[in-house]
Amino acid sequence: LAKALGDSGRKRSIATRAATILDTLTGDQIRAPQPVEAAMASHTTAMVAIATELTRQIDRLEGELDELLDQHPHAAIIRSIPGLGTKLAG
């Protein structure tokens with residue numbers, strides 16, 4: 001940390017500043033009140049569930065697009081175009 005401060009151009013109080021930064025980064029952090037932390041945890045859990053479901057739905061739709069593209073008379077030609085995947089071709 002002290003080397004990084006020196007490399008960045010700091011000339012004075014490098015050791016003191018490095019110790020202050022290290023203490024700040026490794027010390028106890030300010031915590032939110034318990035009800036706020038609980039609400040944030042609940043929100044995060046919900047967001048993860050939403051992202052997981054969206055990923056599942058995207059996978060399902062990609063599968064449907066693959067099946068539909070396979071029915072197209074020019075599917076082999078369309079699939080042979082570089083960079084043109086199932087989603088763009090669909």
Side-chain angles (χ1 to χ4, degrees):
L1 191 53
K3 182 179 179 336
L5 288 171
D7 290 348
S8 68
R10 188 167 188 94
K11 304 281 186 220
R12 296 178 291 145
S13 305
I14 292 175
T16 303
R17 188 66 177 147
T20 301
I21 292 170
L22 188 60
D23 288 343
T24 302
L25 292 175
T26 59
D28 289 336
Q29 302 297 314
I30 298 173
R31 294 189 66 165
Q34 199 286 323
V36 173
E37 285 186 358
M40 291 169 60
S42 178
H43 183 259
T44 301
T45 301
M47 296 300 287
V48 168
I50 290 169
T52 301
E53 179 60 22
L54 286 173
T55 301
R56 193 181 70 73
Q57 291 295 325
I58 289 168
D59 291 343
R60 183 186 60 78
L61 288 170
E62 283 179 351
E64 288 181 21
L65 279 174
D66 268 337
E67 290 175 15
L68 290 171
L69 185 57
D70 286 340
Q71 297 172 14
H72 193 280
H74 302 296
I77 296 169
I78 294 170
R79 287 185 190 274
S80 71
I81 300 171
L84 187 63
T86 301
K87 289 181 261 184
L88 287 175

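- Within a 6.0 Å sphere centred on CZ of Arg60, other residues, nucleotides and ligands contribute more than 12 heavy atoms.
- Here the CG atom belonging to Asp59 is positioned 11.0 Å from the CG atom belonging to Leu54, to the nearest 0.5 angstrom.
- Thr52 OG1 to Met47 CE: the interatomic distance, rounded to the nearest 0.5 Å, is 11.0 Å.
- One side chain, Glu53 or Gln57, offers a donor N or O that lies under 3.5 Å from an acceptor on the other.
- Counting heavy atoms from C-beta outward, Ile77 and His74 have side chains that approach closer than 4.5 Å.
- Inter-residue side-chain proximity for Asp70 and Arg79 is flagged as met; some heavy-atom pair is nearer than 4.5 Å.
- Distance check, rounded to the nearest 0.5 Å: CG of Leu68 to CG of Leu61 gives 10.5 Å.
- The NZ atom of Lys3 sits 12.0 Å away from atom CG of Leu1, with the distance rounded to the nearest 0.5 Å.
- A pairwise comparison of heavy atoms in Leu69 and Ala75 identifies O-CB, 3.1 Å as the closest pair.
- Side-chain N or O atoms of Ser8 include one that pairs as donor or acceptor with a backbone N or O of Leu5 at under 3.5 Å.
- Rounding to the nearest 0.5 Å places CZ of Arg17 at 12.0 Å from CG of Leu22.
- In this structure, the side chains of Ile21 and Leu25 come closer than 4.5 Å at one or more pairs of heavy atoms.
- Cluster annotation: Met40 is not connected to Val48 through the hydrophobic network of ILVMFWY side chains, with a link wherever side-chain heavy atoms come within less than 4.5 Å.
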